[in-house]
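To keep things clear, I will list the structure first and then write my remarks on it.
Heads up: numbering here begins at 1 and tracks the sequence. Atoms within a ligand are numbered from 1 in the order they appear, just like the ligands themselves.
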Amino acid sequence: MRKILVNIARMVLAITFILSGFVKAVDPLGTQYKISDYLEAMNMGSLLPDWAALGASVLLSAAEFCLGVFLLFAIQRRLTSRLILLMMAVMTPLTLWLALTNPISDCGCFGDAVVLTNWQTFLKNVVLLVCAVAVARWPKKMFRFVSESNQWIVINYTVLFILGIAMWSLYYLPTFDFRPYHIGTDLRGQWQRTMEGEDLPYADLFIERTDDGEDITEQVLADTSYVFLLVSPYLEQADDSRLDLINELYEYAHEHSYQFYCLTASTEKDINRWREMTGAEYPFCLTDGIVLKTVIRSNPGLVLLKDGTVIRKWSHNDLPEIGEENATKPLEELDEGKMPTTRVPQKILTLFLWFVLPLTLLVLADRTWMWSRWLRRKNRIYNNPKIKKEKEKMRKKIVAGNWKMNMNLQDGIALAKELNETLKADKPNCGVVICTPFIHLASIAQFLDQDIIGLGAENCADKEKGAFTGEVSAEMVKSTGAQYVILGHSERREYYKETPEILKEKVLLAQKNDLKVIFCIGESLEEREAGKQNEVVKAELEGSVFNLSEEDFRKIVIAYEPIWAIGTGKTATAEQAEEIHAYIRSIIAEKYGQAVADDTTILYGGSCKASNAPELFAKPDIDGGLIGGASLKAADFKGIIDAWKK
Ligand code: PEP
């Protein structure tokens, strides 16, 4: 249930972050204006110059998009989910403040694509914050689409893609235009409806000739021919690198009797300076600065109207060049006079082909590769007895006893002595370990020949030392002379509620004190019946030991113990056990590489006896056993140890 909820929360966050980062990245100037609005609302407007606000706009939107994609693919799960939580922890109170004080009417979280009120934004953020807490609390519950070794492809591709889109949109114009002046807008119709009292975003649209102060909005919009509008919210900040081209365009418009106006919110002084600097002969009109910034994201930018409808827009980097050969032709005959054919569905398709499709193919290739690698490995080992032998030889074989809460001190000592004598007389073909209750350890360590039998505890505390009544620390275990400790046994997970996080601490402390960890994993009966055994063991490894460095992971012994087989007399069949052992080895290979996987000892535990041990141990991926009940009698235990002699 928890896993499902965490993954739902992850999807909600991922989709929201991707959408919101994307719509901002396709309009870097719009996001820059929003950042400046925020700073002004906080009386910090002068803090960030325009270029820095633009840089912040590109970086913030790219970061939002990348975090969304990384969360979707469960890349660097812990770091990504913490960064998202941090963002939400900052944004939620900020948007509460916006909702309460209303210094700006739209927070701009989805650019101009979806406009939310400040209260709607706050509520949205509360939902996202809850999702972010869930995901950051249980990051390992998110399933992966791409194996760790291939994640770098997604990371690099995503970063390049979003920065590329932002740069493209900055150089040309926003790839997607969500504003009320996008290509195709019937400005005449919209403006008339606004004048008749409809609540539309054109109320501030006016065009006032500077020469005589006349309002020519209606005249411009009513023109049934072409009208060029050179838009520069502030001429003093306008890019002046394409002045000749602008003048040529004006001459062309003049020749063909098309209206041509420069719309600006600049002062008369700045207009005169521009005239002097550029030799501009076109008329200037005053228009609201915010409207001009909304009309086109370029300073200056060129807008072409026909019959009151926006049919083309060009950034100053991409102004049309009519050329001498076309100078006599009217706009109807030129491409520049026609509405572009690339419409929104086509753009979405292009985007799909450039981003979604490559990543989908990567996921499919990665999954197929992982699967085939696993199959190949399995087949190679099954079909080639030489490789099978070699691999088997490389790994340490172990039979470990887990005494659990059985036998008083005297009985325990007697059993250990008997075993010690027996194995000294008849040397085992494998490593042997006995894990006993804490109180036995120090006494048994006195006489046990630890070259033949290793000694271990069944548990240790998740704290280093201090006021933890009844606990026994890893350091204390080590000080008895023990070398091993069992951690993560299903009985401790179930009865003492040991979580993956607690076990992770225990593993770290055990290793810090030079104890070798026998780490238990395994699924319950319901999980096996639901076919979830692979998922369960993977999550258990990821939750407690996959954080270790390769060097430290090499010191771990894994014990696969299906819970339904422990102490029940039901053993997994040798085939069932081999299948999951091979899977466990494959995910270790995925995480640490094949060499580490080949060297990792994986024990089987669960009603293992002298009668079934030979068949189990004959399997290529089973490297011995963790034995409960059958380790309480020397003869029974010796029978299992001897399975390695067969
Ligand atoms: C165990 O508890 O680790 C175990 C494998 O028990 P048993 O052998 O009794 O099933």
Pairwise, report which nitrogen or oxygen atoms of ligand 1 are under 3.5 angstrom from protein nitrogen or oxygen atoms, and how far apart they are.
unit_1: ligand 1; atom_1: 2 (O); unit_2: K404; atom_2: NZ; d: 2.5
unit_1: ligand 1; atom_1: 2 (O); unit_2: H489; atom_2: NE2; d: 2.8
unit_1: ligand 1; atom_1: 3 (O); unit_2: H489; atom_2: NE2; d: 3.0
unit_1: ligand 1; atom_1: 3 (O); unit_2: E561; atom_2: OE1; d: 3.2
unit_1: ligand 1; atom_1: 3 (O); unit_2: E561; atom_2: OE2; d: 2.6
unit_1: ligand 1; atom_1: 8 (O); unit_2: G628; atom_2: N; d: 2.9
unit_1: ligand 1; atom_1: 9 (O); unit_2: G629; atom_2: N; d: 2.9
unit_1: ligand 1; atom_1: 10 (O); unit_2: G567; atom_2: N; d: 2.6
unit_1: ligand 1; atom_1: 10 (O); unit_2: S607; atom_2: N; d: 2.7

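Looking at N150 and D366, their side chains do bring a donor and an acceptor atom within 3.5 Å of each other. With 3.5 Å as the limit, one finds a donor-acceptor pair spanning the side chains of W564 and E523. A donor-acceptor contact under 3.5 angstrom links the side chains of S524 and E527, judged on distance only.
Remark: E458 does not engage R492 in a salt bridge, criterion side-chain N to carboxylate O under 4.0 Å. For the pair K463 and E505, the salt-bridge criterion is not met [side-chain N within less than 4.0 Å of a carboxylate O].
Within the structure, ring pair (Phe, Tyr, Trp, His ring centres under 6.0 Å) contacts touching residues 469-510 (residues at least two apart or in different chains) do not occur.
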